[in-house]
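Accompanying notes for the structure given below.
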Amino acid sequence: MAKFSRTWWGDRFIQALEAFTDDNRLKRGRSYASGGKVKSFEIDLNKITAKVRGSVNPYFGVYKEPTYNIEIQITPIAKTRWNEAIQKLSSKASIISRLLLNEVPENIEDTFSNLGLHLLPHSSKDFKTKCDCPDYANPCKHIAGVYYLVASQLDNNPWLLFELRGLPKAELQAKLADSPLGKALSEELNTKEIPLELSNSLYTKLEKQSLNQMPNTREFWLGTKRLPQTIEVATPSSISAILIKKQGDFPDFWHNDASFIETMEELYQRVKTKNHQF
């Protein structure tokens, strides 16, 4: 069976629909999602619209392959309640750091539940779905197919969770960055990386330079200035392994089911342990 999400938040998003949808329609929905039946879908805040290729079914009077229009709405969180939630989120470094690293921390739902809210869909009351196919069930297999594809988008773009609850990404990032913790972490994460330059040779190119006077043997080997007696230790980053964590759990180049960050943490731990043995 195709796996449409490799993150905990994507799995929870899928579980919400599966909790109140017929198993047979879920199975057909998964085949629609993986079989290219969903022609297109768009997300505009909490509203998802899509076009799905249907099946020929003489029993329902369908003799040519139809295209059905799908609409899924996730219940938005009111703006005043969002302000309360963001105030709580911005006071927790563990949450802000993960969000700015393009991840969803596992304890984020605790913050929302303490306010009587849910970020991830929680029950059938969080959904309003519509499809113009002849199937009497709602959600139908076409709706399920679109929903599975939306869940797969959440792996690379967890900010969609907030947009589906009615809060645009830019607005959320701006509010988080305005907090004292957010400002500090934003500066750390937005540090410009030195661009790589292509080289025409694997070896350093030799250059001739003229000397005004020939150095003596002592200066050649020891230099003209003494080295400092003490070396200042650079201040460590406030976020460990930030270059790795910037990529997120499942970056575009990573095609394994296991988290990229967790895999790298295990690798570094093995190297560290190996070095201690020598």
Side-chain angles (χ1 to χ4, degrees), residues 1-76 102 104 119-170 248-257:
M1 183 176 70
K3 187 172 177 62
F4 293 97
S5 178
R6 297 179 295 180
T7 59
W8 75 265
W9 58 87
D11 285 339
R12 285 277 299 277
F13 190 78
I14 289 172
Q15 289 168 15
L17 180 79
E18 292 180 339
F20 61 90
T21 304
D22 174 68
D23 287 341
N24 186 50
R25 286 177 174 82
L26 288 173
K27 183 178 179 181
R28 295 294 302 278
R30 287 192 288 269
S31 68
Y32 268 53
S34 58
K37 287 277 193 175
V38 179
K39 296 174 68 176
S40 64
F41 70 91
E42 295 181 358
I43 301 174
D44 184 13
L45 288 181
N46 68 310
K47 185 178 180 181
I48 304 163
T49 54
K51 293 185 179 298
V52 180
R53 291 163 49 203
S55 303
V56 174
N57 192 333
Y59 180 80
F60 287 108
V62 181
Y63 298 98
K64 292 183 179 179
E65 183 182 85
T67 298
Y68 297 120
N69 297 300
I70 312 296
E71 186 176 302
I72 303 173
Q73 290 190 47
I74 309 294
T75 304
N102 213 37
V104 181
L119 175 61
L120 288 151
H122 187 64
S123 67
S124 58
K125 294 179 181 179
D126 289 322
F127 298 92
K128 187 177 179 182
T129 56
K130 184 170 63 176
C131 178
D132 56 8
C133 73
D135 192 348
Y136 65 89
N138 189 1
C140 63
K141 59 191 176 185
H142 310 107
I143 292 171
V146 174
Y147 193 87
Y148 280 117
L149 287 184
V150 173
S152 68
Q153 297 290 309
L154 293 174
D155 282 3
N156 295 325
N157 185 12
W159 298 98
L160 270 179
L161 285 175
F162 298 89
E163 293 188 28
L164 290 172
R165 286 296 195 177
L167 186 67
K169 174 184 177 180
D249 280 309
F250 297 98
D252 293 337
F253 62 82
W254 188 252
H255 302 296
N256 292 341
D257 289 337

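If you're wondering where the values come from, they're calculated on a predicted model, not measured in any experiment.
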Worksheet item: Stepwise, does the side-chain contact (heavy atoms from CB on, under 4.5 Å) test hold for Asn69 with Thr49?
Response: CA-CA 7 Å; Asn69 297 300; Thr49 54; over 6 Å; no
Item to complete: Take Val104 and Trp8 through the test side-chain contact (heavy atoms from CB on, under 4.5 Å) and record every step on the way to the result.
Response: CA-CA 9 Å; Val104 181; Trp8 75 265; 3.6 Å; yes
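Residues passing the ring pair (Phe, Tyr, Trp, His ring centres under 6.0 Å) test with Tyr147 are Phe13, Phe127, sequence neighbours excluded. Residues passing the ring pair (Phe, Tyr, Trp, His ring centres under 6.0 Å) test with Tyr68 are His142, sequence neighbours excluded. With sequence neighbours left out, the salt bridge (charged side-chain N to carboxylate O under 4.0 Å, His left out) criterion links Arg28 to no other residue.
Asn46 places no side-chain N or O within 3.5 Å of a backbone atom of Gly166 that could act as its donor or acceptor partner.
Closest of all the heavy-atom pairs between Leu164 and Ile74 is O-CB, 3.3 Å.
With rounding to the nearest 0.5 Å, the separation of OG in Ser31 from NZ in Lys141 is 8.0 Å. Note that CZ of Phe41 and CG of Leu149 are 5.5 Å apart. Values are rounded to the nearest 0.5 Å.
Here salt bridge (Lys or Arg N to Asp or Glu O under 4.0 Å) pairs that include residues 37-53, with residues two or more places apart or in two chains, are Lys47-Glu71, Arg53-Glu65. Within the structure, the salt bridge (Lys or Arg N to Asp or Glu O under 4.0 Å) test picks out the following pairs touching residues 122-134 (sequence neighbours left out): Asp126-Arg165.
The side-chain contact (heavy atoms from CB on, under 4.5 Å) test with Ile72 singles out one residue from Val146, Val150, Ile43, and that residue is Val146.
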